Amino acid sequence: MKINLAKSAGFCFGVKRAIGIAIKTGLARKNVYMLGDIVHNEDVVKMIQSRGIKKTTRLANGKGKTFLIRAHGMDQKTYRKVSRLGYAIIDATCPMVKEIHKIAQCMEKQCRDIIVIGDKEHDEVRGIIGQLKGKAIVIEDSRDISASQLNAIKKACVIVQSTQNIEKALKILNELRGHIKDLKFFNTICRPTRLKQEEIRKMPLKNDVMVIIGSRKSANTKRLYEISKSLNKRTYWVNSSGDIKNGWFKGAKSAGITAGASTPDSTTQEIIARIKQIN
């Protein structure tokens with residue numbers, strides 16, 4: 001059985017950068033804290049914690065402490081609180097996410113309603129809408145579109161969570177155009193996500209089996225799995241080599257493999273080694 005690994009598999013620039021900043025901060029400082037995980041991957045989280053960085057759910061007196069902003073970014077309210085408590089702040093927000101923040105703030109100043117296409121409970125989306133003075137509308141899919149709410153909007157700006165499915169986002173955009181006449185659209189899906197999705201629209205058609213590697217918490221991995229599964233029913237989502245089942249590859253001549261943007265190469269190589277054992 002031939003094993004084909006996607007060229008775009010694994011860490012994106014923003015994740016590499018955030019992990020690098022976290023490791024450097026952990027080596028240089030003591031008492032480093034984060035709200036949540038640096039990225040959505042359990043192996044990376046364990047590695048970061050081994051460098052002395054602590055995950056917390058509650059902010060206390062920050063004197064003599066450092067606060068690390070994760071790759072997904074953070075809302076302005078929390079930023080002000082962290083600063084007020086006296087923490088030294090290190091920002092590991094992905095630059096592409098930072099750019100989305102700037103667009104949202106700029107468009108709000110132009111008196112446009114802000115509409116975000118994305119996952120309502122995702123950290124990145126919370127960070128985006130948390131940059132605004134007013135309320136934003138978050139749309140996950142077409143079912144969230146309220147005609148009465150949208151028809152009342154005179155002018156709006158649409159931005160997209162950086163790891164969304166481009167086809168799904170454009171479909172929602174077309175529906176929004178039917179309700180709002182003055183609509184500005186910024187395709188803020190990042191380049192690494194676009195490259196991964198371009199590959200995953202081809203690989204399932206060229207391979208008998210597809211294996212998608214990444215955490216169940218990872219939004220971009222979920223998107224890769226959904227696209228692949230729609231094209232090839234023999235698509236499987238795994239987080240470690242222990243998830244692999246021998247029966248998946250019965251009669252298969254080729255297996256395509258890709259990994260989400262927060263999946264370490266070491267995890268991918270372990271899974272490839274496991275598949276080779278089965279082969």
Side-chain angles (χ1 to χ4, degrees), residues 1-20 39-44 47 71-72 94-97 119 122 124 160-170 187-279:
M1 182 176 67
K2 188 177 181 182
I3 298 173
N4 299 308
L5 178 63
K7 292 179 181 178
S8 64
F11 285 168
C12 65
F13 162 76
V15 168
K16 284 182 183 177
R17 177 179 176 274
I19 292 171
V39 296
H40 289 151
N41 182 274
E42 290 80 0
D43 292 334
V44 174
M47 184 269 289
H72 299 107
C94 172
M96 296 177 189
V97 174
D119 303 324
H122 194 275
E124 181 187 324
V160 191
Q161 180 184 347
S162 65
T163 55
Q164 280 290 306
N165 180 337
I166 182 61
E167 288 187 353
K168 179 181 175 181
L170 291 177
N187 185 356
T188 49
I189 295 175
C190 67
R191 178 171 170 77
T193 294
R194 295 184 204 184
L195 291 174
K196 286 178 183 292
Q197 290 186 11
E198 283 176 14
E199 276 197 291
I200 206 61
R201 293 185 198 285
K202 298 174 184 176
M203 290 185 73
L205 303 176
K206 297 178 180 179
N207 292 278
D208 297 317
V209 179
M210 286 296 301
V211 177
I212 316 299
I213 307 169
S215 169
R216 292 284 170 175
K217 295 180 180 179
S218 169
N220 73 85
T221 304
K222 178 183 178 183
R223 230 74 67 191
L224 295 175
Y225 172 75
E226 288 172 343
I227 294 170
S228 182
K229 187 75 172 178
S230 71
L231 299 170
N232 185 334
K233 296 303 178 185
R234 295 180 72 179
T235 294
Y236 305 97
W237 183 355
V238 302
N239 191 30
S240 69
S241 58
D243 296 331
I244 298 290
K245 290 182 170 53
N246 295 17
W248 293 350
F249 306 95
K250 187 176 181 180
K253 294 182 179 179
S254 64
I257 298 174
T258 192
S262 52
T263 304
D265 288 342
S266 57
T267 302
T268 301
Q269 291 306 317
E270 285 174 11
I271 287 169
I272 290 174
R274 173 73 183 109
I275 294 172
K276 285 181 177 178
Q277 283 181 341
I278 295 169
N279 192 29

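These numbers were taken from a predicted model, which means no experiment stands behind them.
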Legend entry - Under 3.5 Å donor-acceptor, Asn220 side chain and Gly260 backbone: no
Inset, instruction - Taking the side chain as every heavy atom from C-beta outward, state whether Met47 and Ile19 have any atom pair closer than 4.5 Å. - result: yes
Legend entry - Validation row: Ile166, Arg194 side chains within 4.5 angstrom (heavy atoms): no
Legend entry - Pairwise side-chain contact, Glu42 with Asn239, heavy-atom cut-off 4.5 Å (strictly under): yes
Inset, instruction - Heavy atoms only: give me the nearest Ile275-Met1 pair and the separation to one decimal. - result: CG2-CE, 3.6 Å
Legend entry - Pairwise side-chain contact, Lys222 with Ile212, heavy-atom cut-off 4.5 Å (strictly under): no
Inset, instruction - State the CG-CZ distance between Leu224 and Arg201, to the nearest 0.5 angstrom. - result: 9.5 Å
Legend entry - Least distance between heavy atoms, Asn207 atom then Ala255 atom: OD1-C, 3.6 Å
Inset, instruction - Report the residue from Glu199, Lys196, Gln197, Arg191 that forms a side chain to side chain donor-acceptor pair (under 3.5 Å) with Ser8. - result: Glu199
Inset, instruction - Establish, yes or no, whether the cationic atom of Arg216 lies under 6.0 Å from the six-membered ring centre of Trp237 and within 45° of the ring axis. - result: yes
Inset, instruction - Inspect the surroundings of NZ in Lys16 and state if more than 12 heavy atoms from other residues, nucleotides or ligands are less than 6.0 Å away. - result: no
Inset, instruction - Could you grab the distance from atom OG of Ser254 to atom CZ of Phe249, nearest 0.5 Å is fine? - result: 11.0 Å
Legend entry - Check: Ser215 and Thr221 side chains under 4.5 Å, non-hydrogen atoms: no
Inset, instruction - Could you grab the distance from atom CD of Gln161 to atom OG1 of Thr193, nearest 0.5 Å is fine? - result: 9.0 Å
Inset, instruction - Write down the atom of Val209, the atom of Asn232, and the distance for their closest heavy-atom approach. - result: N-ND2, 4.2 Å
Legend entry - Donor-acceptor under 3.5 Å (Ser230 side chain, Ile227 main chain): yes
Legend entry - Closest approach of Ile3 to Lys276 (non-hydrogen atoms, all atoms of both residues): CD1-CG, 3.6 Å
Legend entry - Minimum heavy-atom distance Met210-Pro204, with the two atoms named: CG-CA, 3.7 Å
Legend entry - SB check Asp243 Arg274 (cutoff 4.0 Å): no
Inset, instruction - Check whether any side-chain N or O of Asp119 sits under 3.5 Å from a backbone N or O of His122 as a donor-acceptor pair, and report yes or no. - result: no
Legend entry - Heavy-atom side-chain contact between Pro95 and Arg17 under 4.5 Å: yes
Inset, instruction - Measure the spacing between CG of Asp43 and CD of Glu270 and express it to the nearest 0.5 Å. - result: 7.5 Å
Legend entry - Reported NZ-to-CG distance for the pair Lys206 and Asn4, which is rounded to 0.5 angstrom: 9.5 Å
Inset, instruction - To the nearest 0.5 Å, tell me how far Leu231 CG sits from Leu205 CG. - result: 5.0 Å
Legend entry - Atom NZ of Lys168 with >12 non-hydrogen neighbours under 6.0 angstrom: yes
Inset, instruction - Using the side-chain contact (heavy atoms from CB on, under 4.5 Å) rule, pick out the option among Thr267, Ile257, Ile271 that qualifies with Val238. - result: Ile271
Inset, instruction - Answer with yes or no whether the side chains of Ser162 and Glu124 bring together a donor and an acceptor at under 3.5 Å. - result: yes
Inset, instruction - Over all heavy atoms of both residues, which pair between Gly256 and Met203 is shortest? Give the atoms and the distance, please. - result: CA-CE, 3.8 Å
Inset, instruction - Using side-chain contact (heavy atoms from CB on, under 4.5 Å) as the criterion, list what pairs up with Ala259, not counting sequence neighbours. - result: Ala9, Ile213, Thr263, Thr268
Inset, instruction - For the residue pair Phe11 and Asp265, establish whether any side-chain heavy-atom pair is separated by less than 4.5 Å. - result: no
Inset, instruction - Verify side-chain contact (heavy atoms from CB on, under 4.5 Å) between Tyr236 and Arg234, making sure each step is shown before the conclusion. - result: CA-CA 7 Å; Tyr236 305 97; Arg234 295 180 72 179; 4.2 Å; yes
Inset, instruction - Could you check if a side-chain atom of Leu195 sits within less than 4.5 angstrom of a side-chain atom of Pro192, using non-hydrogen atoms only? - result: no
